[in-house]
Amino acid sequence: MEFSVMKLAADAGTFLSRAVQFTEEKFGQAEKTELDAHLENLLAKAECTKVWTEKIMKQTEVLLQPNPNARIEEFVYEKLDRKAPSRLNSEEQLAQYMSDAGNEFGPGTAYGNALIKCGETQKRIGVAHRELIQTAAINFLTPLRNFIEGDYKTMTKEKKLLQNKRLDLDAAKTRLKKARVTEARAAAEQELRITQSEFDRQAEITRLLLEGISSTHAHHLRCLNDFVEAQMTYFAQSYQYMLDLQKQLGSFPSTFVSNNNQSTPMQSVPVPSVSASAQAPSAKSSLVTSGFTELKASNGSRKARVLYDYDAANSSELSLLADEVITVYSMPGMDSDWLMGERGHQKGKVPITYLELLN
């Protein structure tokens with residue numbers, strides 16, 4: 001009991017000494033032993049690694065599981081050391097809806113059959129996504145989390161010990177400066193030698209531990225390669241599944257049996273594909289409707305709905321978004337395939353093949 005009381009008193013004295021030294025340093029009333037540049041760089045590198053590892057880890061979790069409620073549920077079950085209940089992911093849920101709808105409309109109809117085939121493909125993509133999540137969790141997220149919760153915590157602990165040893169060293173230096181009696185100076189010098197030795201030892205331990213950051217980076221690089229490979233496999237599988245689906249849907253006949261068993265022709269609507277560098281469409285005058293002809297002749301303006309997206313090829317043209325409504329009018333000397341379009345304070349040439357005049 002007496003030993004415990006003495007130990008508590010000694011710990012309290014040490015804590016008070018460190019607090020006084022820390023306060024005086026903040027107010028510029030005491031000298032502070034600076035760490036060597038190499039150790040400072042290692043500390044900064046460790047902190048930087050911790051910050052970015054946390055950000056990458058959290059955003060990867062968001063990428064793999066966009067639903068925040070599902071992430072919270074998985075976190076709770078992980079902390080309880082229990083397996084989370086199995087639920088359909090987004091692709092599998094969509095697959096279920098598509099399959100149910102296809103069966104409801106009738107597998108014998110083109111639409112119903114297409115929905116069923118799309119559902120089967122979405123289900124396969126859902127399975128591939130589950131494999132991506134599992135692989136990424138094991139080969140990428142777990143090593144990153146182990147660093148944050150293991151290695152970095154150890155580094156933080158040793159860094160804190162080093163800080164305490166430095167405060168003890170500087171407090172001993174201060175006491176030596178204030179010592180006037182010979183016996184007091186001898187005791188202060190002895191204390192300084194001990195605190196200096198403990199500080200040097202702790203600095204070496206911390207340095208050796210922090211130098212392991214380079215190995216951590218090398219390990220995380222291997223994990224990153226594994227993650228990229230897992231993503232590559234997932235996207236390659238998804239692409240192949242969708243390619244196969246596209247071929248199946250493309251094999252449908254040009255007519256289909258509707259839900260009331262009446263044969264209805266499939267209508268094909270050509271959608272222009274125009275990039276920023278594409279040339280203006282050279283529609284012939286036969287494609288210009290009477291409405292556009294009247295608009296050009298009247299020199300008035302009309303409202304028009306945009307049929308397709310269009311990227312302006314240069315500053316004289318106006319970019320368009322499908323389904324937006326703009327004001328159009330003609331100007332003297334304009335090509336027959338173009339009109340002036342106006343949206344708020346923006347104006348520029350627009351191709352008439354992308355427009356539908358409104359009443």
Side-chain angles (χ1 to χ4, degrees), residues 3-58 79 140-180 183-224:
F3 175 76
S4 298
V5 173
M6 292 176 63
K7 186 176 184 304
L8 286 173
D11 291 343
T14 301
F15 176 80
L16 180 60
S17 174
R18 291 170 179 169
V20 170
Q21 177 65 28
F22 181 80
T23 303
E24 290 180 349
E25 287 176 359
K26 288 297 181 182
F27 285 99
Q29 298 174 352
E31 295 182 2
K32 176 181 176 181
T33 299
E34 299 293 340
L35 302 177
D36 65 79
H38 178 59
L39 186 54
E40 288 283 7
N41 289 336
L42 289 175
L43 288 169
K45 187 177 181 180
E47 179 64 21
C48 181
T49 302
K50 177 255 186 183
V51 169
W52 285 112
T53 299
E54 282 184 332
K55 290 183 177 181
I56 292 171
M57 184 175 68
K58 290 178 180 178
K79 291 302 180 182
F140 187 60
L141 290 176
T142 298
L144 265 59
R145 187 175 292 108
N146 288 342
F147 166 73
I148 296 297
E149 298 178 356
D151 293 349
Y152 186 76
K153 280 190 175 180
T154 302
M155 293 176 186
T156 303
K157 178 183 176 182
E158 296 300 330
K159 177 184 175 182
K160 185 176 180 181
L161 285 174
L162 178 62
Q163 172 72 354
N164 289 337
K165 296 300 182 183
R166 186 197 62 75
L167 289 172
D168 292 342
L169 173 61
D170 289 336
K173 290 179 179 179
T174 300
R175 282 190 288 272
L176 178 59
K177 288 182 178 180
K178 293 180 179 180
R180 294 292 181 265
E183 292 79 2
R185 286 190 61 84
E189 290 173 352
Q190 177 65 18
E191 181 188 14
L192 178 60
R193 285 192 293 270
I194 295 173
T195 54
Q196 182 70 62
S197 175
E198 291 179 348
F199 171 77
D200 293 341
R201 178 175 176 275
Q202 184 59 40
E204 182 65 16
I205 292 173
T206 306
R207 182 185 64 78
L208 292 174
L209 189 62
L210 291 173
E211 285 177 346
I213 284 291
S214 297
S215 298
T216 299
H217 284 189
H219 178 51
H220 287 182
L221 175 59
R222 292 192 295 270
C223 297
L224 181 61

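What you see is a predicted model, and the numbers here were worked out from it, not measured in a lab.
Between Ala46 and Leu210 the shortest heavy-atom distance is CB-CD2, 3.7 Å. Leu35 and Glu40 get closest at one heavy-atom pair: CB-OE2, 3.7 Å. In terms of heavy-atom proximity, Thr206 sits nearest to Glu158 at OG1-O, 3.5 Å.
A search for salt bridge (charged side-chain N to carboxylate O under 4.0 Å, His left out) contacts involving Glu191 returns Arg175, not counting sequence neighbours.
No side-chain heavy atom of Arg222 sits under 4.5 Å from any side-chain heavy atom of Pro143. Contact annotation: the side chain of Ile213 approaches that of Met155 to within less than 4.5 Å [non-hydrogen atoms, C-beta and beyond]. Side-chain contact between Leu209 and Asp151 is absent, with no heavy-atom pair separated by less than 4.5 Å. By the 4.5 Å heavy-atom criterion applied to side chains, Ile205 and Leu161 are not counted as neighbours. Here the side chains of Gln202 and Arg207 are not in contact, with every heavy-atom distance at 4.5 Å or above. Within the 4.5 Å cutoff, the side chain of His38 has heavy atoms near those of the Leu42 side chain. You'll find the side chain of Phe140 reaches within 4.5 Å of the side chain of Leu224, heavy atoms only.
In this structure, CG on Leu192 lies 10.5 Å from NZ on Lys177, to the nearest 0.5 angstrom. The distance from atom CG of Leu167 to atom NZ of Lys32, rounded to the nearest 0.5 Å, is 8.5 Å. Thr216 contributes atom OG1, which lies 9.5 Å from atom NZ of Lys45 (distance to the nearest 0.5 angstrom). Note that CZ of Phe147 is 12.5 Å distant from NZ of Lys153, once rounded to the nearest 0.5 Å. Taking OG1 of Thr195 as the reference point, atom CG of Leu176 lies at 9.5 Å (rounded to 0.5 Å). Once rounded to the nearest 0.5 Å, the distance linking CG of Leu144 with NE2 of His220 reads 4.5 Å.
In this structure, a donor-acceptor pair under 3.5 Å is present between the side chains of Asp170 and Thr33. Using modelled atom types and a 3.5 Å distance limit, the side chains of Arg193 and Gln196 yield no donor-acceptor pair.
Around CZ of Arg201, the count of heavy atoms belonging to other residues, nucleotides or ligands within 6.0 Å does not exceed 12.
Between the side chain of Ser197 and the main chain of Ile194, no donor-acceptor pair closer than 3.5 Å is present.
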> Given Glu47 and Tyr152, is the side-chain contact (heavy atoms from CB on, under 4.5 Å) satisfied, shown in steps?
Replying inline: CA-CA 9 Å; Glu47 179 64 21; Tyr152 186 76; 2.4 Å; yes

Donor-acceptor pairs under 3.5 angstrom involving side-chain atoms of residues 50-57: please list them, not counting sequence neighbours.
from: Thr53; atom 1: OG1; to: Thr49; atom 2: O; distance (Å): 2.5

